[in-house]
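The chain is numbered in sequence order, starting from 1. Atom set for the values below is all heavy atoms of this structure, side chains included, hydrogens, waters and symmetry mates excluded.
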Amino acid sequence: MKLQNRISVIKILVLYCGLWAVVSGLCACEGFARKFVRKPKPQDKKEEEIVLVPQEYKAEELNNEELYRQYFLYWKSWQDELIDNLSERGLNHKKQIDCLKEALGNLMKLRDLLEAEKQKLLDNYINEMNNLRADISKDLYENFIVNNLMRARQLKRNIQRDFSFSKIKAHIL
């Protein structure tokens, strides 16, 4: 009987351990489920609509002399950047054309601020800049880059000589 008592004690222990494992597993499953199941989004929060009211800031009105100085400075910086891009081979061809386009745009704005007599003189330089732009556009392999660089430098010198503010201020509208 001792053997049978021992077997029954072992059975009771195994049954008790099994029951304990099932109960603790069920308790753990709830924590497991709580950990990995999404929580519902709270609907209590009311989202406020953001209303943006556009404000118009009026730019400072510049007189023609200040505008002339500004556009002349812009032209000069774009012309310098063009010369820098032409000086170094292998740089971006598109950047050279963009610099010329911006320089021409600023020259056109300068033109609008001048009297008719000076506009005609500036038109000659604008035509030369357009010719230079066409030549640079055609020169994809940079065979004539030295020639284009010399022309860009010459145009800069001539425009600075003829259209510096001190020489042109009497002819500004």
Side-chain angles (χ1 to χ4, degrees), residues 34-173:
R34 201 173 346 116
K35 193 174 199 179
F36 293 104
V37 173
R38 283 190 180 184
K39 295 176 186 173
K41 293 183 180 179
Q43 299 295 330
D44 300 344
K45 294 182 181 178
K46 294 181 181 176
E47 292 184 23
E48 295 182 21
E49 280 190 41
I50 298 174
V51 179
L52 299 176
V53 179
Q55 291 183 343
E56 190 171 320
Y57 297 103
K58 295 187 178 179
E60 217 177 275
E61 293 287 330
L62 299 176
N63 62 21
N64 286 348
E65 290 179 0
E66 291 171 344
L67 282 174
Y68 185 88
R69 287 180 189 207
Q70 186 177 359
Y71 291 136
F72 190 79
L73 180 65
Y74 292 159
W75 164 80
K76 185 178 174 186
S77 63
W78 280 111
Q79 191 74 14
D80 286 338
E81 191 167 340
L82 169 67
I83 290 170
D84 290 343
N85 280 316
L86 287 171
S87 299
E88 299 177 25
R89 285 185 172 260
L91 285 182
N92 194 349
H93 184 74
K94 189 174 181 180
K95 181 68 174 174
Q96 295 168 357
I97 295 171
D98 286 343
C99 289
L100 258 169
K101 178 182 168 192
E102 292 295 328
L104 273 167
N106 286 303
L107 282 179
M108 294 302 291
K109 290 176 183 175
L110 281 178
R111 183 186 179 283
D112 295 339
L113 299 172
L114 296 174
E115 293 176 349
E117 173 189 330
K118 292 295 180 177
Q119 281 182 355
K120 290 178 185 176
L121 180 60
L122 188 57
D123 284 340
N124 294 334
Y125 291 124
I126 290 173
N127 290 335
E128 287 182 42
M129 291 279 285
N130 279 324
N131 292 338
L132 178 62
R133 182 169 66 174
D135 290 345
I136 288 176
S137 296
K138 291 177 197 173
D139 190 22
L140 294 175
Y141 299 109
E142 298 181 347
N143 294 329
F144 303 104
I145 195 164
V146 174
N147 187 24
N148 293 335
L149 175 62
M150 287 185 346
R151 285 173 55 197
R153 285 181 178 160
Q154 182 182 12
L155 277 168
K156 180 184 174 196
R157 275 192 312 270
N158 292 343
I159 292 173
Q160 279 184 314
R161 180 192 66 217
D162 294 339
F163 290 96
S164 65
F165 183 76
S166 58
K167 289 189 177 183
I168 207 78
K169 68 181 174 182
H171 301 285
I172 296 176
L173 297 176

How long is the straight-line distance from CG of Leu113 back to CD of Glu66, given to the nearest 0.5 Å?
12.0 Å
Please report the shortest heavy-atom distance between Ala152 and Gln79, naming the atom on each side.
O-NE2, 3.1 Å
Taking His171 for its side chain and Gln119 for its backbone only, find out whether a donor-acceptor pair lies under 3.5 Å.
no
Applying side-chain contact (heavy atoms from CB on, under 4.5 Å) to Lys109 and Gln70, what does each step give before you reach the verdict?
CA-CA 10 Å; Lys109 290 176 183 175; Gln70 186 177 359; over 6 Å; no
With a 4.5 Å heavy-atom cut-off, do Ile159 and Leu107 have their side chains touching?
yes
Candidate list Ile83, Leu82, Asn148, test side-chain contact (heavy atoms from CB on, under 4.5 Å), partner Arg153, passing option:
Ile83
For Tyr125, does the OH atom have more than 12 heavy-atom neighbours from other residues, nucleotides or ligands under 6.0 Å away?
yes
For Asp112, enumerate each residue passing the side-chain contact (heavy atoms from CB on, under 4.5 Å) test, keeping only those at least two apart in sequence or located in another chain.
none
Interatomic spacing from CE in Met108 to CG in Asp123 - rounded to 0.5 Å:
7.0 Å
Run the numbers on Phe163 and Leu110 for side-chain contact (heavy atoms from CB on, under 4.5 Å), then give the verdict.
CA-CA 9 Å; Phe163 290 96; Leu110 281 178; 5.7 Å; no
Spatial distance of atom CG (Asp80) from atom CG (Asn85) [nearest 0.5 Å]:
11.0 Å
How many angstroms lie between atom NE2 of His93 and atom CD1 of Ile145, to the nearest 0.5 angstrom?
9.0 Å
side-chain contact (heavy atoms from CB on, under 4.5 Å) involving Arg69 - partner list, sequence neighbours excluded
Phe165
For Asp139 and Phe144, indicate whether the former's side chain and the latter's backbone hold a donor-acceptor pair under 3.5 Å.
yes
Arg133 CZ to Asp98 CG distance, which is reported to the nearest 0.5 Å:
10.0 Å
Considering all heavy atoms, the nearest Ala103-Met129 contact
CB-CE, 3.8 Å
Classify the ring geometry between Phe72 and Trp75 as parallel (under 30°), tilted (30 to 60°) or perpendicular (over 60°).
tilted
To the nearest 0.5 Å, atom CD of Gln96 lies from atom NZ of Lys101 at 15.5 Å
Closer than 4.0 angstrom, basic N to acidic O: yes or no for Asp162 and Lys118?
no
So, are Glu128 and Arg151 salt-bridged, with charged N and O less than 4.0 Å apart?
no
